[in-house]
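Here's the structure we're looking at; comments come further down.
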Amino acid sequence: MTAKASFDFTGANVLVIGASRAGIGAAIARAFQNAGAAVEITGVEPECIEEDAARFDYTQLDVTDTNEVYDFASTRDHIDVLVNCAAVTQRGKEMAPEFFSHVLDVNLTGSFRCAEALHPALSGAKGRVINVASMYARFGSPRNPAYGASKAGVEQLTKSLAIAWAKDGIRVNAIAPGFVVTEQSARAREDSIFTTAIEDRTPLARWGHPEDIAGTALFLASDAAAFVTGACVIVDGGYSVV
Ligand SMILES: NC(=O)c1ccc[n+]([C@@H]2O[C@H](COP(=O)([O-])OP(=O)(O)OC[C@H]3O[C@@H](n4cnc5c(N)ncnc54)[C@H](O)[C@@H]3O)[C@@H](O)[C@H]2O)c1
């Protein structure tokens, strides 16, 4: 038996939640579009970045608003690939209980809300869900405790949904990126000691770029990953094996 390793997504409907900036979501959306898929994206901002406005249908969607998410989902009946990328974090602010709850609401409950609201559209397509976790699902983070807890929750949620929805033909996986140059990491990257420490520890000796994450998303959505569900794939330049 030969493995199917086609990354041609012609005819597939792909939805990337949280792709409005020049980050990981946008890189994943572009990779799926380059591979032939019809791709739509969302974000919390009124508009996405200019260079993607012409490429994608964009919807402003707050993943903490249950009615908004279900209204959005009710107008979609066939989703082949759902990528949950929306997240917030703010170094040093996450010991405040209200902000802690907000981070959990966006990153963890938001991923669940979108997946559950789109469950019928995913079932019809025997679709794939790709959640975006983080190395902080496994490492402690003294200045981002909510973010770490939310991402550990995302990794765990991925396993539970993989089991719950296997009967519908839906595969659910996660990607745990390492340190990636995006707007979300901009504040942390102002700290040059931190930035250098990451580079020094990472065997591939650099921060990741959003495009470094996209190939794994294509793989997980493809038939090459037909027997992969409930997994969390680490894409971190080797940071976590040191
Ligand atoms: N940058 C990194 O180093 C890194 C590392 C590991 C994991 N990640 C994860 O990758 C994913 C993408 O991160 P990024 O670095 O590209 O970030 P980004 O800041 O570029 O994008 C975050 C996205 O989340 C959306 N968002 C924020 N709040 C929202 C809300 N309430 N409702 C809907 N959407 C909302 C924004 O609109 C934006 O599109 C996130 O899940 C993040 O946690 C990033």
Side-chain angles (χ1 to χ4, degrees), residues 15-31 40-49 51-53 56 58-69 72-73 82-91 94 99 101-115 117 129-139 141 144 146-155 157-158 174-191 194-195 198-199 202 206-214 216-217 232-237 239-240:
L15 170 62
V16 186
I17 304 286
S20 51
R21 301 178 191 157
I24 292 168
I28 291 174
R30 290 177 202 153
E40 61 171 325
I41 64 171
T42 77
V44 76
E45 299 85 358
E47 292 174 352
C48 65
I49 56 165
E51 66 173 296
D52 284 337
F56 303 112
Y58 177 77
T59 306
Q60 181 178 23
L61 180 69
D62 182 349
V63 300
T64 67
D65 187 326
T66 301
N67 291 335
E68 219 178 277
V69 170
F72 173 84
L82 167 68
V83 183
N84 276 314
C85 241
V88 289
T89 185
Q90 235 171 329
R91 252 181 144 208
E94 296 185 7
F99 192 68
S101 296
H102 176 64
V103 173
L104 268 286
D105 200 16
V106 176
N107 301 8
L108 174 58
T109 315
S111 296
F112 172 68
R113 250 184 220 105
C114 292
V129 179
I130 299 169
N131 294 319
V132 180
S134 164
M135 290 319 304
Y136 284 131
R138 300 179 184 188
F139 290 111
S141 172
N144 304 75
Y147 184 76
S150 73
K151 294 298 186 177
V154 166
E155 189 173 348
L157 174 69
T158 299
I175 301 173
F179 294 88
V180 181
V181 176
T182 69
E183 207 173 307
Q184 192 186 86
S185 61
R187 193 139 171 229
R189 282 182 288 109
E190 284 168 10
D191 179 348
F194 175 73
T195 307
I198 301 296
E199 287 165 8
T202 302
R206 65 172 174 88
W207 280 58
H209 297 288
E211 296 72 25
D212 288 319
I213 311 303
T216 303
C232 181
V233 180
I234 293 169
V235 185
D236 69 347
Y239 180 90
S240 58

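Each ligand, and each atom within it, is numbered from 1 in the order the structure gives. Note that the structure is a prediction, hence the values are computed from the model and not measured.
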Revision key, fill the gap. Applying salt bridge (charged side-chain N to carboxylate O under 4.0 Å, His left out) to E51 and not counting sequence neighbours gives R30

Practice item. Sequence neighbours left out, what passes side-chain hydrogen bond (donor to acceptor under 3.5 Å, both in side chains) with S240? Give chain and number order. Key: D236

Exercise for review: Using side-chain hydrogen bond (donor to acceptor under 3.5 Å, both in side chains) as the criterion, list what pairs up with S134, not counting sequence neighbours.
Suggested key: none

Practice item. State, to 0.1 Å, how close C85 and I24 come at their nearest heavy-atom pair, and which atoms those are. Key: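 In this case the closest contact between C85 and I24 is SG-CG2, 4.1 Å.
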
**Study point:** Short side-chain to backbone donor-acceptor contact, T42 and G18, under 3.5 Å
**Key:**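 Such a contact is found between T42 side chain and G18 backbone.
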
Practice item. Give the protein residues with at least one non-hydrogen atom closer than 4.0 Å to an atom of ligand 1, ordered by chain and number. Key: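 Heavy-atom contacts below 4.0 Å: G18, A19, S20, R21, G23, I24, G43, V44, E45, L61, D62, V63, C85, A86, A87, V88, V106, V132, A133, S134, Y147, K151, P177, G178, F179, V180, T182, Q184.
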
Check your understanding: Hey, are D105 and R113 close enough for a salt bridge, meaning a charged N less than 4.0 Å from a carboxylate O?
Key -> yes

